[in-house]
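Data block below; observations after.
Values below: all heavy atoms of this structure, side chains included; hydrogens, waters and symmetry mates excluded. Just so you know, these numbers come straight off a predicted model, no measurement behind them.
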Amino acid sequence: MSRSRSAQPDPRAALRGGLPDRYLTPGDIAEIFGVPLETVYQWRKKRTGPAGFRIGKHLRYDPADVQAFVARQQRAEIDAA
């Protein structure tokens, strides 16, 4: 009898394999980048992280904006080297 493990996927793999086809929550962003949730809120406050928007009282992130943020960060790293 084989035991199936409930393997938790690496949330950062979402950036490598494509983000979900839905708007992301601040919790999703924190999980993807491996940072505390408070960091995500500080990024928003300082306007240094991925662009987010409000739907009513809920903060959401467009996966395309998150991918663009990552691309900008990567370019900045390359330019700084």
Side-chain angles (χ1 to χ4, degrees):
M1 176 183 281
S2 66
R3 288 177 36 184
S4 65
R5 290 181 7 194
S6 59
Q8 292 289 337
D10 179 5
R12 290 171 295 239
L15 289 174
R16 292 188 296 273
L19 291 169
D21 189 22
R22 63 176 174 81
Y23 291 123
L24 304 170
T25 66
D28 292 332
I29 298 299
E31 190 175 335
I32 287 168
F33 290 111
V35 298
L37 185 58
E38 185 58 33
T39 298
V40 176
Y41 290 121
Q42 287 299 315
W43 286 347
R44 177 153 170 87
K45 183 177 179 181
K46 296 176 182 179
R47 297 176 188 249
T48 58
F53 61 95
R54 291 219 171 263
I55 298 179
K57 66 178 183 175
H58 303 284
L59 180 58
R60 294 294 181 259
Y61 295 86
D62 187 326
D65 291 339
V66 174
Q67 287 177 326
F69 168 75
V70 170
R72 282 192 308 273
Q73 294 301 108
Q74 289 173 333
R75 278 194 305 274
E77 278 291 313
I78 291 169
D79 292 345

Can you give me the closest heavy-atom contact between Gly27 and Leu37, atom names plus distance?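 Shortest heavy-atom contact: N-CD1, 3.7 Å.
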
With side-chain hydrogen bond (donor to acceptor under 3.5 Å, both in side chains) as the rule and sequence neighbours excluded, what pairs involving residues 68-81 come up?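 Sorted result for residues 68-81: empty, none.
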
According to the side-chain hydrogen bond (donor to acceptor under 3.5 Å, both in side chains) rule, which pairs have a member within residues 32-48, sequence neighbours left out?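 Those involving residues 32-48 are Glu38-Gln42.
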
Side chain to side chain contact (heavy atoms under 4.5 Å, CB included) against Lys57, all qualifying residues, sequence neighbours excluded: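 Scan of Lys57 (side chain to side chain contact (heavy atoms under 4.5 Å, CB included), adjacent residues dropped) gives none.
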
Find the distance between CD1 (Ile32) and OH (Tyr61) and round it off to the nearest 0.5 Å.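 That separation rounds to 11.0 Å.
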
Only counting residues at least two apart or in another chain, list the ones meeting ring pair (Phe, Tyr, Trp, His ring centres under 6.0 Å) with Phe53.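 With sequence neighbours excluded, Phe53 shows a ring pair (Phe, Tyr, Trp, His ring centres under 6.0 Å) to Tyr23, given in chain and number order.
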
With sequence neighbours left out, write down each residue that passes side chain to side chain donor-acceptor pair (under 3.5 Å) with Thr25, or none if nothing qualifies.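 If we apply the side chain to side chain donor-acceptor pair (under 3.5 Å) test to Thr25, skipping adjacent residues, the hits are Asp28.
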
